[in-house]
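The structure under discussion appears below in the form of structure tokens.
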Amino acid sequence: MSIDSAGTSVAERVRAVIEAHKGDRGALLPILHGIQAEFGYVDPEVVPVLANELNMSRADVHGVITFYSDFRSEPAGTTTVKLCRAEACQSVGAEQLVADAEQVFGVKLGQTTPDGSVTLGQVFCLGNCALGPAAQINGRMYGRMDRSRLVELLVRAEGGESA
């Protein structure tokens, strides 16, 4: 594992997050959230460290990371877009919104644009069913989303404005 600019190894930083939650019941999830908060993603290199420290198999740790869509194994783009694909949103155009977003950004769901500006993801309910299709941009919820509104909000987000 690498050393950061402050001279601290990634492994040391990971172990500090582990220590903060090691005594918790079901410690793996809070530890993974802590690691993602610290680094922006859960690097596959930390899986053996987590497995060793928590006395778990690497497969178990990897399985939890890949099961939950909130955990990323690579850095996200500057702007994260999550499109709801639950039934209520599908009934009012979510699949067209997904197709439009993939065309606009040139990436598929789960991918980040080559310039690192946008990560396009999916969720299966944002709880905004009455205002579908729904999207979440940088953690903020939007309803009645269509192609033009999505592009407008992203232009604002990239310009530093509150979307």
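Small disclaimer: the values here were computed from a predicted structure and weren't measured. Count residues from 1 along the sequence.
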Handout entry: Residue pair R147 / Q103, side-chain donor-acceptor N/O under 3.5 Å
Key =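 Note: R147 and Q103 side chains meet the donor-acceptor criterion.
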Examine distances only and state if a side-chain atom of [X] and a backbone atom of [Y] form a donor-acceptor pair shorter than 3.5 Å.
| X | Y | answer |
| --- | --- | --- |
| Q122 | G110 | no |
| N128 | A134 | no |
| E12 | S9 | yes |
| K22 | E53 | yes |
| Q36 | R72 | yes |
| D43 | E45 | yes |
| R149 | G143 | yes |
| T112 | G116 | no |

Practice task
Could you check if a side-chain atom of L120 sits within less than 4.5 angstrom of a side-chain atom of K108, using non-hydrogen atoms only?
Solution key: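 No, too far: nothing below the 4.5 Å cut-off.
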Do [X] and [Y] belong together in a cluster built from hydrophobic side chains that touch within less than 4.5 Å?
| X | Y | value |
| --- | --- | --- |
| V123 | F105 | no |
| I35 | Y41 | no |
| V47 | V49 | yes |
| V10 | I31 | yes |

Exercise for the section: Locate the shortest heavy-atom distance separating C89 from C84; write the atom from each residue and the value. Expected result: SG-SG, 3.6 Å
Practice task
Write down the atom of T80, the atom of A76, and the distance for their closest heavy-atom approach.
Solution key: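 That closest heavy-atom pairing would be CG2-CB, 3.8 Å.
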Problem - Carboxylate-amine/guanidinium proximity below 4.0 Å for R156 and E152 - result: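 Salt bridge present between R156 and E152.
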Exercise for the section: Return yes when atom NE2 of H21 has more than 12 non-hydrogen atoms of other residues, nucleotides or ligands closer than 6.0 Å, and no otherwise. Expected result: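 Yes - once you tally the heavy atoms of other residues, nucleotides and ligands closer than 6.0 Å, there are more than 12.
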Practice task
Give a yes or no on this: more than 12 heavy atoms of other residues, nucleotides or ligands lie within 6.0 Å of atom CZ of F124.
Solution key: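 Yes, CZ of F124 has more than 12 neighbouring heavy atoms, counting only those of other groups under 6.0 Å.
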